[in-house]
Amino acid sequence: MKKFKQELARRVAEAAGRQIDPAEVLSLLEAPPEPEMGDLAFPCFTLSKKLKQSPAKIAGELAGKLKAEVSTSFKQVEAKGPYLNFFFAEAALARETLTDIRHQADRFGGSEEGQGQTVVIDYSSPNIAKPFHIGHLRSTVIGAALCRIYAALGYQPIGINHLGDWGTQFGMVMAAYSESPDEAELEEHPIRYSLKLYTEFNRRAEAEEAAREQARQWFRRLEAGDPEATALWQKFRDLSLQEFQRIYTRLGISFDHYMGESFYNDKMEDAITRVEKAGLMEKGEDGAELVRLEEEKMPPLLLRKSDGATLYATRDLAAAIFRWERYHPARILYVVGTPQELHFRQLIRVLEKMGCDWAQNLVHVKFGHVQGMSTRRGTAVFLEDVLDEAAARAREKIAENVKAGKLDPASATEELAEAIGIGALIAQDLKNRRERDVVFDWDQALNFDGETGPYLQYTHARICGILRKSGKPVPEKADFGLLSEPETRELLKALARFPEAVERAGQENEPSLITDCLFELTKVFNVFYNTHRVIGSGRSLEEARLLLVDSVRQVLKNGLTLLGIQPLEKM
RNA sequence: GCGCUCGUAGCUCAGUUGGAUAGAGCAGCGGACUUCUAAUCCGCAGGUCGCAGGUUCGAGUCCUGCCGGGCGCGCCA
């Protein structure tokens, strides 16, 4: 598709007598609203301003000039009002995209743009001692998808789980536990138990200053390296991590590093010293240390409490410096919810003030807040419960299919149910633009009809069914001129759009662009499927369609893999 | 109070960076399985793009104001 656009841009610029350069034409090219209007359109408004003529007249003149030139890529040009509409020669479109997909296979959709560059991606980052609820799913699933997308674009992604394993809240858990430890319960249900300790203590702390002080004291001991505090902390951390890992395994996610907040414990003094050297540190009313940001109309960034303990911001500052010095990444992404927007704006600004020019490469990849998930109020929906329910729902549907003879009993495994259930949840999270707030809804999350994960997987499985049952190998090439029905052309265009979707998904840190592209592809495929047959359509046509259908399978597989959804062969 | 953000069909959302007649899915109604999986497809119905101004050849998209929701705002993370 890119080649087509470039060629077209060159020729339009040529025909316009170089009044506009090819790059500008390229950026103006768009898809016409209706297929009958052509495959690519060039709106003449910009040119109209430059030439001081009506856009319709320009379109007409350009069409006249371009019509004379015969091209192997375009069979027709026509002016329609202010638009110049182009029609692909279908054999060319088919040849171009299908051979690209065939040759690049699993790499189709990727590029080399990131060669030699590293991207640090901070994502998931749950709090130790708190349950993993569906609010954490967003960061996890978006971050993991971004890791794969950047890898496909040639970058070296480094996925970091910035665990919330430090801070005063942790002091609360330790204070509560030390009062009446129940070791058996801790071993058995580490998170549920920690949560109980936390919520109960938190309730007390809201009323009693003594409790708050007790928690702060435990945290100070921890920061100072007190052996008892450290041992207790280590235990809670290890046990919680085991539970998180169980979830990550189910989601098919692994991190390059678990470098939580605690990792920066010995790096914070250095960070603070740098802030002081830059002359930015000021004392607050009660002896707290902070950086004022009045000029930028932001509240100050607090880096040390009046009792000497550090804060979340201190750790994030140390983490940013550490990441830059260790990896020299082209970008550092923070896949963190939109409520923390101010925090990151402050952090980036402080780094800039310190003279760190690389701070401009820090990106807060923010996503909408999942409403109504409060651990403290107990309204959070636990992710594991949702995963279980999704798998159960899939299991039922699989049983129906077996009963109806659509699926062989041997394929009806637990892994299949799991893959479908999780596919539904991931797609649900990756189908809307990140920044929107979401309200968790069981029915919506577990729906398998329409634009859902299972729909994408089902389409993939249908194609695998065709390839399996045809009993013939997929040919290298075919008579591309046969792939000219409207349904087929739409399919070819949808395939050709995939690489641009991946590229944009990386540029905008927006995996939903890929999900969108896949839904469009599957929709046009299913229309094709319902109007044309592959098997038994006649020797050369069958070959051409096998190649076409196999390309759809390949692109679907590549896209699903980027999103973290398993492409299934039967379901 | 200040700041950020969102407001599009009954519900959940797209809308290609300001362009052609505002599109999908769900839910509703009506159709299509002796034929490559009906977790599919086709059709119908559903809209004052929150409201009011402004910018211009052209605004769902940009600017201002208002209304409504969400989030945040120095010792939590």
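This one's a predicted model, so the numbers in the text were calculated from it and none came from an experiment. Order of the sequence lines fixes the chain letters, A, B, ..., with proteins taken first and strands second; residue numbering starts at 1 for each chain.
Note on A/Pro300: a base of the nucleic acid sits closer than 4.0 angstrom, heavy atoms only. Within the nucleic acid shown, A/Gln340 comes within 4.0 Å of at least one base atom, counting heavy atoms only. When heavy atoms are screened at a 4.0 angstrom cut-off, A/Pro32 is found touching base atoms of the nucleic acid. Contacts of A/Gly81 with the nucleic acid, taken as non-hydrogen atoms under 4.0 Å apart, are absent. Using a 4.0 Å heavy-atom criterion, one finds that A/Thr168 contacts the sugar-phosphate atoms exclusively. In this structure, A/Asp441 reaches neither bases nor backbone, as no heavy-atom distance under 4.0 Å exists between it and the strands shown. The residue A/Leu290 sits close to a base: some heavy atom pair falls under 4.0 Å.
In the set B/A20, B/U17, B/C76, the nucleotide with an atom closest to the side chain of A/Glu508 is B/U17. When each of B/A14, B/A20, B/G70 is scored by its nearest atom to the side-chain atoms of A/Ala41, the top-ranked nucleotide is B/A20.
Under the 6.0 Å cut-off for aromatic ring centres, A/His343 and A/Tyr312 qualify, their centroids lying closer than that. The aromatic ring centres of A/Phe219 and A/Phe170 sit 6.0 Å or more apart.
In this structure, the CG atom of A/Leu301 is 14 Å from the P atom of B/C76, given to the nearest Å. In this structure, CG of A/Leu40 is placed 15 Å from C1' of B/A20, rounded to the nearest angstrom. Between A/Glu435 atom CD and B/G15 atom C1' the separation is 17 Å, expressed in whole Å. Computed from coordinates, the A/Asn432 CG to B/G15 P distance equals 10 Å when rounded to whole Å. Between the CG atom of A/Asp437 and the P atom of B/C6 there is a distance of 10 Å, rounded to whole Å. Distance, A/Glu209 CD to B/C75 P: 14 Å, rounded to whole Å. Whole-Å rounding puts the A/Phe170 CZ to B/C76 P distance at 17 Å. In this structure, the NZ atom of A/Lys366 is 12 Å from the P atom of B/C4, given to the nearest Å.
Using C1' as the reference atom, B/U21 and B/A38 are 33 Å apart when rounded to the nearest Å. B/U56 sits 16 Å from B/U61 when the P atoms are compared, rounded to a whole Å. Comparing the same atom, P, in B/G74 and in B/A27 gives a spacing of 45 Å after rounding to whole Å. Taking atom C1' in both B/G46 and B/G53, one finds a spacing of 30 Å when rounded to whole Å. Rounded to the nearest Å, the gap between the C1' atom of B/G60 and that of B/C76 is 40 Å. B/G18 sits 36 Å from B/G1 when the C1' atoms are compared, rounded to a whole Å. Nucleotides B/U64 and B/U55, compared at atom P, are 15 Å apart to the nearest Å. Rounded to whole Å, the separation between the C1' atoms of B/A20 and B/G25 comes to 25 Å.
A donor-acceptor pair under 3.5 Å is absent between the side-chain atoms of A/Thr168 and the main chain of A/Gly171, judged by distance alone. Looking at A/Glu341, its side chain never comes within 3.5 Å of a backbone N or O of A/Lys366 through a donor-acceptor pair. Of the possible donor and acceptor atoms, one in the side chain of A/Gln346 sits under 3.5 Å from a partner among the backbone N and O of A/Pro299.
Other residues, nucleotides and ligands place no more than 12 heavy atoms under 6.0 Å from the CD atom of A/Glu285.
In this model, a donor atom of one side chain and an acceptor atom of the other lie less than 3.5 Å apart for A/Asp122 and A/Ser125. One side chain, A/Asp408 or A/Ser411, offers a donor N or O that lies under 3.5 Å from an acceptor on the other. Judged by distance alone, the side chains of A/Glu435 and A/Thr338 never bring a donor and an acceptor atom under 3.5 Å apart. Between the side chains of A/Ser124 and A/Thr140, at least one donor-acceptor pair of N or O atoms lies under 3.5 Å. Side-chain contact of A/Ser512 with A/Asn432: a donor-acceptor pair under 3.5 Å is absent, judged by distance alone.
Under 4.0 Å is where a charged nitrogen must lie from a carboxylate oxygen, and between A/Lys472 and A/Glu543 no such pair does.
Here A/Lys305 reaches the OP1 or OP2 of B/C76: one of its side-chain N or O atoms lies under 4.0 Å away. Contact between the side-chain N/O atoms of A/Ser512 and the OP1/OP2 oxygens of B/A14 is not found at any separation under 4.0 Å. Listed pair A/Arg433 / B/G15 meets the phosphate criterion, a side-chain N or O lying under 4.0 Å from OP1 or OP2. OP1 and OP2 of B/U5 both lie 4.0 Å or more from every side-chain N or O belonging to A/Arg436.
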Per-nucleotide protein contact string for nucleotides 29-44 of chain B, where B marks a base within reach and S marks sugar-phosphate only (heavy atoms under 4.0 Å, - for neither): ------BBBSBSSS--

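Glycosidic conformation of B/U17: syn, with the torsion inside 90° of 0. The glycosidic torsion of B/G15 lies more than 90° away from 0, which places this base in the anti conformation. In this entry the base of B/C33 is syn relative to its sugar, with a glycosidic angle within 90° of 0.
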Pairing annotation in dot-bracket form, given for RNA chain B with Watson-Crick or G-U pairs under 3.5 Å and | for cross-strand partners: (((((((..((((.....[...)))).(((((.......))))).....(((((..]....))))))))))))....

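Heavy-atom nearest nucleotides on RNA chain B were determined for A/Leu29 and for A/Pro33, and the one closer to the 5' end corresponds to A/Leu29.
On a pure distance criterion of 3.5 Å, a polar donor-acceptor pair joins the side chain of A/Asn85 and the base of B/A20. A donor N or O paired with an acceptor N or O is not found under 3.5 Å between the base of B/C71 and the side-chain atoms of A/Thr338.
With sequence neighbours excluded, no residue satisfies ring-ring contact (aromatic ring centres under 6.0 Å, His included) with A/His369.
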